[in-house]
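To find a chain, count down the sequence lines: A is the first, B the second, and so on, and within it residues start at 1.
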Amino acid sequence: MTREIEKKWQKKWEEAKLFQSDNNEKEKVFLTVAYPYPSGAMHIGHGRTYTVPDVYARFKRMQGKNVLFPMGWHVTGAPVIGIASRIKNKDPWTLELYEKVHKVPKEELSKLKDPEYIVKYFSSEYHQVMNDMGYSIDWRREFKTTDLSYQKFIQWQLRKLKEMGFVRKGNHPVKYCPSCDNPVGDHDLLEGEGVDVNELTLLKFEIDGKYLVPATFRPETIYGVTNLWLNPEVDYIEVDNNGESWIISEKSFYNLSNQIKDLNIVGKINPKEFIGKFVKNPITGSEHPIFPASFVDPDYGSGVVFSVPGHAPADYIALKDLKNNSDLLKKYNLEEAVDIKILNVVTLKKYSEIPARDVIEKLKIKNQEDPKLDEATNELYKVEHSKGIMSSHIPNYAGERVATARDMIKSSMINDSLADTMYDFAEHPVICRCGNRCVVKIMDNQWFLKYSDEDWKEKTRECLNQENIIPNEVKSNFEYYIGWLNDWACSRRIGLGTHLPWDEQWLIEPLTDSTIYMAYYSIANHLKKIDLKDLNDAFFEKIFFNKDSNDLKVDGEIVDTIQNEFSYWYPLDWRLSAKDLIGNHLSFHLFHHAAIFPKENWPRGMVVFGMGLLEGNKMSSSKGNVILLSDAMEKYGADVVRLFLMASAEPWQDFDWREKEVIGTKRRLDRLFEFAKTIEDIKGSPIDLSNIKEVKLSRRIDLWMINQLNIRIKEATDALEGFQTRKALQNSLFLLKKDIDHYMYRVKHLLSSGERDEAIVFVLSMVFKSWIRILAPFIPHSSEELWNSYGGDGFVVEASWPNGNIYFSNDSNLRDSTSRSIEKDENLEREIIEKSEEMVQGIVHDIEQIKKIVAKDPDKIHIYLADDWKWDVYKIAEEVGKPDIGQIMGRAIGQNVHEDKKEIADFAKKIGREMTKTRYIGKIDEHEILNDAKDFIEEEVNTNIIIHKDNSYDPEDKAKNAIPYKPAIYME
RNA sequence: GCGGGGGUGCCCGAGCUGGUCAAAGGGGACAGGCUUAGGACCUGUUGGCACAGGCCUACCAGGGUUCGAAUCCCUGCUCCCGCACCA
């Protein structure tokens with residue numbers, strides 16, 4: 001197999017328009033895979049993602065289905081904007097990434113400074129690579145999410161949702177760069193990647209008509225405040241917050257001013273003047289002194305901290321340090337004030353009244369500078385949050401769980417204007433690529449999709465429940481996410497995309513514009529021919545809901561054609577996507593379908609993918625740890641890459657690209673070609689797959705081979721129905737190959753005669769003809785080449801999928817030849833054929849083993865078969881169903897199967913043990929079976945064998961050892 | 001923390017509607033064949049002990065259900081993944 005041959009077939013498929021699917025009278029299968037965001041080159045991880053649907057599509061086509069497998073490009077969103085600007089600014093890391101990892105040619109590289117060009121460049125590269133991989137895509141339906149007709153579709157979708165009341169307006173915090181004047185994503189950051197935005201509560205402590213506003217995660221500890229901390233070495237300011245006077249650190253203003261409208265600086269404040277003064281607790285009304293502390297970070301929160309030494313290890317140790325610092329105490333005249341009582345708020349099992357002290361002592365923390373202080377804080381925070389109970393002396397909240405009390409206290413304080421909310425990064429600093437510090441900005445007038453809406457959630461759950469989810473385990477994941485999803489900010493300031501139709505300053509966010517695009521595929525080819533201005537809401541309502549309207553601009557006949565096409569393909573049968581998208585993309589997909597479409601058009605199934613590893617390590621483009629799909633194909637060819645990706649793991653498992661195993665895969669593929677030559681050698685003339693000469697089969701081993709073929713076909717078919725590509729290949733390639741090897745081994749003594757054995761030629765030809773077809777979805781190019789070379793009819797792509805009933809349901813051949821001993825039941829026939837071969841193999845194996853043990857070559861080998869009464873006992877044992885020897889014996893004696901009770905007892909013991917290891921299928925003609933294979937057995941053990949019908953010659957009394965399916969052996 | 005999924009032989013990995021499981025398949029290792037040699041390919045071995053087709057120990061650890069458990073139940077230990085404005 002060469003790339004040229006692969007290209008040859010790709011071209012022929014295209015010319016024959018094999019993958020262009022239109023509605024017709026056939027049963028349809030519509031499957032989509034997440035359309036790619038083309039911001040880089042396609043690597044082997046992507047290869048797996050897109051090969052799975054292709055394999056399934058090809059499989060279903062061979063089963064006679066009309067399959068639609070389309071592809072589009074999800075180019076909306078912000079990442080390419082960042083990439084483009086980095087290329088423009090000649091950011092060395094980005095340039096190297098695109099040159100070395102994505103292998104963009106030099107002359108193209110500089111053009112990538114245009115985000116539109118990036119998506120254009122990579123989507124056409126994707127297109128090319130997908131063709132090279134042999135994907136059976138209907139390219140007439142290709143589109144980009146920035147296409148104007150797609151934008152019309154998305155605007156219709158959003159208007160529809162708004163009409164249904166699923167859209168609202170609100171505020172939302174985002175990572176933001178004040179210098180770029182834009183929200184920033186993780187990929188836009190120099191520092192602080194993955195840092196969370198936390199919500200903090202600002203608590204207002206009054207002093208002289210102004211407020212100190214410490215920020216906290218734990219508003220419930222307001223009951224345990226003993227003092228406030230200010231950093232005397234830091235600049236503080238007074239700001240006016242809509243009439244209220246707040247004192248905050250100067251540095252925190254940078255962040256806070258992005259969150260509070262009209263926050264104005266009034267003037268500077270000297271923190272030293274506040275040390276030693278008292279503030280008023282907004283809840284308890286107590287007076288708390290203000291103490292100096294160097295640990296207070298002016299960048300974090302508001303630069304003011306309140307102190308809860310009972311429950312915050314940092315506060316506890318800071319207070320202790322202060323008490324020991326007589327210079328400082330003297331300087332601020334705090335000797336008296338520092339003598340405060342530590343308060344308890346939360347009760348915890350296994351902890352004292354002052355849990356902060358317990359933790360400090362447990363970890364042996366000496367002072368504020370101790371690095372273990374963070375660990376102490378985290379530990380106590382977690383324990384109190386999950387296990388803590390508000391102590392009995394806390395008014396209103398006594399006995400309440402901390403987690404609950406926290407929310408209650410917070411909202412009640414905010415209600416009473418005693419508190420406010422702010423956001424800050426969990427870690428500092430967060431630096432934009434432009435070099436400036438980022439802040440958390442509250443975007444107002446943001447638009448939300450109300451995923452919190454209970455009715456909507458309920459409908460979505462209903463949608464989920466009627467779907468096939470593969471693998472089934474992730475269904476509970478979906479249930480969780482549907483419950484957990486909150487309102488989603490669906491509009492953006494930056495990126496490529498569609499404008500919100502009713503508020504043009506916003507772009508529709510890319511997770512929102514990719515929820516029902518499968519519906520778009522079904523009509524995409526038609527829309528290309530329609531005038532944009534005619535794509536109004538009336539049009540989409542007609543197409544998707546068959547709703548007539550006077551506003552329809554498109555010609556009625558054309559509309560009907562499109563409408564028919566949509567109703568033919570919808571609902572979507574399968575949606576494939578990666579498992580990290582369950583929480584957003586895939587859940588949104590459910591939400592939107594549930595909201596917009598009637599039940600009969602809800603999606604039918606989802607398949608969720610695992611990740612890709614490269615030699616055991618996580619694949620990552622940005623770290624350069626990838627192999628490009630084009631390179632892999634160059635080296636091994638598309639079929640080998642496909643075969644490896646499909647064989648090494650099931651789609652939902654993580655797969656590992658290991659060079660050594662890829663090479664092994666290549667060898668296996670080569671053997672398929674060698675197999676054809678083997679058949680021709682035996683046949684002595686070329687194979688003609690459309691003209692296989694039928695032969696009546698009488699040897700059991702020939703039937704066995706056909707039976708195995710049937711088994712493998714059935715297993716592979718079942719596996720493919722459930723997207724188990726690995727299991728399918730395990731059967732259709734590896735295990736079938738093993739069976740063929742076994743068969744060849746079994747018949748080799750028949751071939752040595754030099755005379756052509758027509759039965760063998762027939763069996764092998766049948767195997768070959770099926771084999772090519774069941775592998776065709778995986779290795780379409782090789783299969784096509786073989787099919788074509790050996791006289792197959794038409795394209796193998798269009799050949800029928802083998803049904804796994806060869807010679808068993810339609811043909812009388814088998815029954816004629818074996819009717820002497822075999823009942824009519826078809827399954828039984830199969831079982832007997834399998835059992836026969838097992839017996840033959842068992843005999844050979846046992847003889848070999850005994851020979852080894854005895855260490856001498858016998859002249860003759862006698863084989864004795866189980867007496868009829870033993871079969872009777874076996875049958876009784878089977879009826880008893882468990883190795884209850886007493887019962888088996890009792891019944892056997894009761895039925896008087898044999899006169900010698902001692903022998904029955906011995907045998908019952910034996911069969912009790914044996915029956916758990918053997919499959920009982922009733923009495924079979926052992927003599928005939930062994931006779932059929934006599935020449936093989938003799939050749940194998942290199943000794944003459946005598947199969948006895950009666951036991952008249954039995955000098956060493958071995959015949960008694962015979963068990964059904966397991967004859968006794970005597971070596972003479 | 002919340003939620004989900006795992007722990008199988010040297011490694012990866014099937015099995016997990018209980019018995020045909022010393023446990024598929026691949027990789028590796030070892031031995032043999034082929035070959036001028038290497039590679040490739042083919043065959044065999046790859047838990048221990050037996051030496052008339054057998055026995056013992058084994059599927060994270062401990063306990064339970066059962067005539068019988070890698071498979072079912074409980075407990076513990078441990079690993080991985082997702083948690084939002086990002087595709």
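Here, B:U36 and B:G28 have their P atoms 25 Å apart, quoted to the whole Å. For the C1' atoms, the distance from B:U46 to B:A22 is 12 Å, rounded to whole Å. Taking atom P on both nucleotides, B:A14 is separated from B:U8 by 11 Å, rounded to a whole Å. The C1' atoms of B:A70 and B:A84 are separated by 40 Å, rounded to the nearest whole Å. Rounded to whole Å, the separation between the P atoms of B:U20 and B:G13 comes to 25 Å. Nucleotides B:G32 and B:G54 have their P atoms positioned 30 Å apart, rounded to a whole Å. When the P atom is used for both B:G1 and B:C12, the distance is 28 Å, rounded to whole Å.
The nearest heavy atom of RNA chain B to A:H74 and to A:K737 marks one nucleotide each, and the one closer to the 5' end goes with A:K737. In this structure, A:S648 and A:K738 both approach RNA chain B, and ranking their closest nucleotides by distance from the 5' end singles out A:S648.
The aromatic rings of A:Y965 and A:Y874 stand perpendicular to each other, their planes meeting at an angle above 60°, with 30° marking the opposite boundary. Ring planes of A:H585 and A:H74: perpendicular class, angle over 60° (limits at 30 and 60°).
With a cut-off of 3.5 Å on both pairing distances, B:A50 has no Watson-Crick or G-U wobble partner at all. Pair check for B:U17 finds none; no Watson-Crick or G-U wobble contact set falls under 3.5 Å. In this structure, B:U57 makes no Watson-Crick or G-U wobble pair, since no nucleotide meets both defining distances under 3.5 angstrom. Of all nucleotides present, none satisfies the Watson-Crick or G-U wobble test against B:G9 with each distance under 3.5 Å. Of the nucleotides present, B:C83 is the one that pairs with B:G1 by Watson-Crick or G-U wobble criteria, both distances under 3.5 Å. Of all nucleotides present, only B:G44 satisfies the Watson-Crick or G-U wobble test against B:C30, with each distance under 3.5 Å.
Nucleotide B:G27 holds its C1' atom 19 Å from the NZ atom of A:K666, rounded to whole Å. Taking atom OH of A:Y126 as the reference point, atom C1' of B:A87 lies 11 Å away to the nearest angstrom. Atom CZ in A:F644 sits roughly 11 Å away from atom P in B:G27 (whole-Å rounding). Following rounding to the nearest Å, A:M611 (CE) and B:G4 (C1') show an atom-to-atom distance of 13 Å. One atom, CZ of A:R658, and another, C1' of B:G27, lie 7 Å apart when rounded to the nearest Å. Here B:A84 presents its P atom at 14 Å from OH of A:Y423, a figure rounded to the nearest Å. The distance from atom CD of A:E834 to atom C1' of B:U20 is 12 Å, rounded to the nearest whole Å. Rounded to an integer number of Å, the gap from A:E199 CD to B:G1 P is 22 Å.
Legend: residues meeting side-chain contact (heavy atoms from CB on, under 4.5 Å) with A:S85, ordered by chain and number and at least two apart, are absent. Legend: residues meeting ring-ring contact (aromatic ring centres under 6.0 Å, His included) with A:Y37, ordered by chain and number and at least two apart, are absent. Every residue meeting the ring-ring contact (aromatic ring centres under 6.0 Å, His included) condition with A:Y864, not counting sequence neighbours, appears here in chain and number order: A:H948. Remark: A:S123 engages A:P38, A:W73, A:K144 in a side-chain contact (heavy atoms from CB on, under 4.5 Å) (not counting sequence neighbours). Not counting sequence neighbours, the partners of A:H46 by the ring-ring contact (aromatic ring centres under 6.0 Å, His included) test are A:H43, A:Y126. Taking the side-chain contact (heavy atoms from CB on, under 4.5 Å) definition, one finds that A:S587 meets it with A:F478, A:Y481, A:L485, sequence neighbours left out. A:D741 is linked by a side-chain contact (heavy atoms from CB on, under 4.5 Å) to A:K737, counting only residues two or more places apart in sequence or in another chain.
Counting any heavy atom pair closer than 4.0 Å across all strands shown, A:R493 reaches no nucleic acid atom. Among the heavy atoms of the strands, none lies under 4.0 Å from A:K579. In this structure, A:A34 reaches neither bases nor backbone, as no heavy-atom distance under 4.0 Å exists between it and the strands shown. As judged by a 4.0 angstrom heavy-atom cut-off over every strand, A:P173 is placed among residues making no nucleic acid contact. Using a 4.0 Å heavy-atom distance criterion, A:I582 is classed as making no nucleic acid contact.
Checking side-chain atoms of A:E650 against main-chain N and O of A:R726 turns up a donor-acceptor pair under 3.5 Å.
For A:R726, no side-chain nitrogen or oxygen approaches OP1 or OP2 of B:G25 to under 4.0 Å. At B:A14, none of the side-chain N or O atoms of A:K727 fall inside 4.0 Å of OP1 or OP2 (strictly under the cut-off). Listed pair A:R668 / B:G26 meets the phosphate criterion, a side-chain N or O lying under 4.0 Å from OP1 or OP2.
Residues from residues 472-483 of chain A placing a heavy atom under 4.0 Å of any atom in RNA chain B, listed by number, are A:E473, A:S476, A:N477, A:Y480, A:Y481.
Cation-pi geometry between A:R168 and A:W447 is not satisfied (NZ or CZ under 6.0 Å from the ring centre, within 45° of the ring normal).
In summary, the aromatic rings of A:F644 and A:W657 are positioned with their centroids under 6.0 Å apart.
You'll find that the side chain of A:Q653 is closest to B:A14, out of B:C86, B:A14, B:G53. Closest contact between the side chain of A:E661 and the listed nucleotides B:C86, B:A84, B:G27 involves B:G27.
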Identify all pairs in which a protein N or O lies below 3.5 Å from an N or O of nucleotides 78-80 of chain B, and state each distance.
none

